[in-house]
2 protein chains.
Amino acid sequence: MAALRADPALRADSARVRARMLAAAREMLAAGDQDLPMNAIAKAAGVGVGTMYRHFPSRQALLESLAAESYAALVARARTAAEQEDVGAGLAALLRAALESQLSDPSLASVLSAPAHACAETTELGRELGAAALRLLDRARAAGVVRADVSADDLRRLMCGVQHAVRSGGADDPTAAGRYLDIMVRGLRP
Amino acid sequence: MAALRADPALRADSARVRARMLAAAREMLAAGDQDLPMNAIAKAAGVGVGTMYRHFPSRQALLESLAAESYAALVARARTAAEQEDVGAGLAALLRAALESQLSDPSLASVLSAPAHACAETTELGRELGAAALRLLDRARAAGVVRADVSADDLRRLMCGVQHAVRSGGADDPTAAGRYLDIMVRGLRP
DNA sequence: ACCTGAACACCGTTCAAGT
DNA sequence: ACCTGAACACCGTTCAAGT
């Protein structure tokens, strides 16, 4: 009985600590700190380094936790795009969603480009995103609006590439994202 | 007189040491070490760390020195492409050269994507590459084979993006580079 | 002049000791 | 059970001391 009462309390506390670490990490990202040092996050969140590692066994795990919300939102947008009546518009919407999500959340860009996942949840999100993309691709192929030699994973990789192209500008041109997206959409036509 | 004789000797020695450090760095890259720790390179090259820093004041400077040869080769290929009679083929050749160079030399990929240069030589190579690309672009625009809203720097950024897309694959598909390049070439048409 | 490598600061990661 | 933070290893960078 004591355990039953203690457990939720512990979990609630643990969740609060976890949220504090993620908030601290986000603040550092927002402040331009790309490195996200584990020690520094722990100090900023007021916890020991060990607690940091207990919640996030690797930097990749931390990144995936930071990106989880954006990733889920992207999956939702992808599903909406997949059901769109106009398949061509749906495909463009999927690509735009993938690009915008990465540009507004650098941790998502990193996770989408990563060769491997640290958290099972991320793998699941990836599966869901891939499934939505595949549904859309199948419809698009049937409608003849997309090249036949492109897979759902190709779309992911290409959008990671467009993100990289947008980011690799010295002086940032606000029109770049739109133009590059358009180039990609046109290039995917059969 | 003594100075006149000593100088070249020192320079020759310095050049040999420099070459040894670059060779050590290249070996580490070839062995899969992406980090290129300055201390480790110095030890592998049999020199003190200070010597490392005297020749390469920053990691970026080291990267640019590593990439210099590939970069010069790319500029040469770009110039050839710019003079090609068939403008469309020339543009495709330029993009292929940019992609192949980056894929075969990761340090070049890094330098081409970098927001700023550490060495004046690199800036000069960048200028030459940009000039060749612009000559080709002007001809291509006049011939109506390329979108009007694309600059020479856009081409660079897009090819850095394609490189990133090719690299961000889990299982590497040998057909990816060719397909992504084709998508880009088609997307650039007006 | 040029080089060496000890030294300092910093970060990743672990784990014994606390509660 | 969970947390803390000292401790160790490693890397970037500098600079006093050597030649």
Side-chain angles (χ1 to χ4, degrees), chain A residues 1-25 27-29 31-66 107 110 114 116 118-119, chain B residues 1-25 27-29 31-66 107 110 114 116 118-119:
Chain A
M1 281 301 185
L4 280 177
R5 230 182 269 150
D7 216 11
L10 282 173
R11 277 196 206 154
D13 195 56
S14 187
R16 220 174 301 131
V17 163
R18 191 187 133 96
R20 241 182 23 233
M21 290 186 287
L22 288 175
E27 257 173 62
M28 297 180 82
L29 270 184
D33 244 352
Q34 298 273 35
D35 292 343
L36 291 185
M38 296 293 243
N39 281 295
I41 299 171
K43 182 169 289 187
V47 300
V49 220
T51 305
M52 196 73 202
Y53 277 90
R54 232 166 57 74
H55 283 261
F56 311 108
S58 65
R59 166 180 289 19
Q60 179 63 23
L62 171 62
L63 269 175
E64 292 176 24
S65 297
L66 283 170
S107 66
S110 169
C119 311
Chain B
M1 279 305 181
L4 282 176
R5 229 182 269 150
D7 216 10
L10 282 174
R11 278 197 205 153
D13 196 55
S14 188
R16 220 174 301 130
V17 162
R18 193 188 132 95
R20 245 188 12 239
M21 290 186 289
L22 288 175
E27 258 173 60
M28 296 179 84
L29 269 186
D33 244 351
Q34 299 272 35
D35 292 343
L36 290 184
M38 296 295 243
N39 281 294
I41 298 172
K43 183 168 286 188
V47 300
V49 220
T51 304
M52 196 73 201
Y53 277 89
R54 232 166 57 75
H55 283 260
F56 311 108
S58 64
R59 163 174 281 66
Q60 179 63 24
L62 171 63
L63 269 174
E64 291 176 23
S65 298
L66 284 170
S107 67
S110 169
C119 311

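Order of the sequence lines fixes the chain letters, A, B, ..., with proteins taken first and strands second; residue numbering starts at 1 for each chain. Since the structure is predicted, the reported quantities are computational estimates derived from the model, not experimental observations.
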Less than 4.5 Å apart, side chain to side chain, heavy atoms only: is that true for A:L22 and A:L62?
yes
Within this structure, what is the CD-OG distance for the pair B:E64 and B:S110, rounded to the nearest 0.5 Å?
9.0 Å
Length of the CE-C1' vector between A:M38 and D:dC10, whole Å:
17 Å
A:L29 CG to A:L63 CG distance, which is reported to the nearest 0.5 Å:
8.0 Å
Provide, to the nearest angstrom, the distance between the CG atom belonging to A:L63 and the P atom belonging to C:dG12.
12 Å
Shortest side-chain distance from A:R59, nucleotide among C:dG12, C:dT4, D:dG12:
C:dG12
Could you tell me whether the side chain of A:V17 reaches within less than 4.5 Å of the side chain of A:M21, counting heavy atoms only?
yes
Value rounded to 0.5 Å, distance of CE in A:M28 from CG in A:D35:
8.5 Å
Quick one, B:S65 and B:R18 - any side-chain contact, counting heavy atoms below 4.5 Å?
yes
Could you check how far CG of B:N39 sits from P of C:dC8, rounded to whole Å?
16 Å
Round to the nearest Å and state the distance from A:K43 atom NZ to D:dT4 atom C1'.
13 Å
Among the nucleotides C:dG12, C:dT4, D:dC11, whichever has the atom closest to the side chain of A:P37 is C:dG12
Could you check how far CG of A:D33 sits from C1' of C:dC11, rounded to whole Å?
13 Å
Whole-Å gap separating P (D:dC10) and CD1 (B:I41)
17 Å
For A:I41 and A:A25, which heavy atoms make the closest approach, and how far apart are they?
CD1-CB, 4.0 Å
Return the residues of residues 48-58 of chain A meeting this criterion: a heavy atom under 4.0 Å from some atom of DNA chain C. Order them by number, or give none.
A:V49, A:G50, A:Y53
Classify B:V17 by what it touches in the nucleic acid, base, sugar-phosphate, or nothing, heavy-atom distance under 4.0 Å.
nothing
For a quick test of reading the model, state the closest non-hydrogen atom pair linking A:F56 to A:M38 and the distance between them.
O-CE, 3.5 Å
State, to 0.1 Å, how close A:A118 and A:Q60 come at their nearest heavy-atom pair, and which atoms those are.
CB-CG, 3.8 Å
From CZ of A:R16 across to C1' of D:dC3 the rounded distance in Å is 15 Å
Would you mind reading off the distance between B:L36 atom CG and D:dT13 atom P, rounded to a whole angstrom?
13 Å
Stems field, DNA chain C, Watson-Crick or wobble, 3.5 Å, at least 3 pairs, by first number, holds C:4-8 with D:12-16, C:12-16 with D:4-8
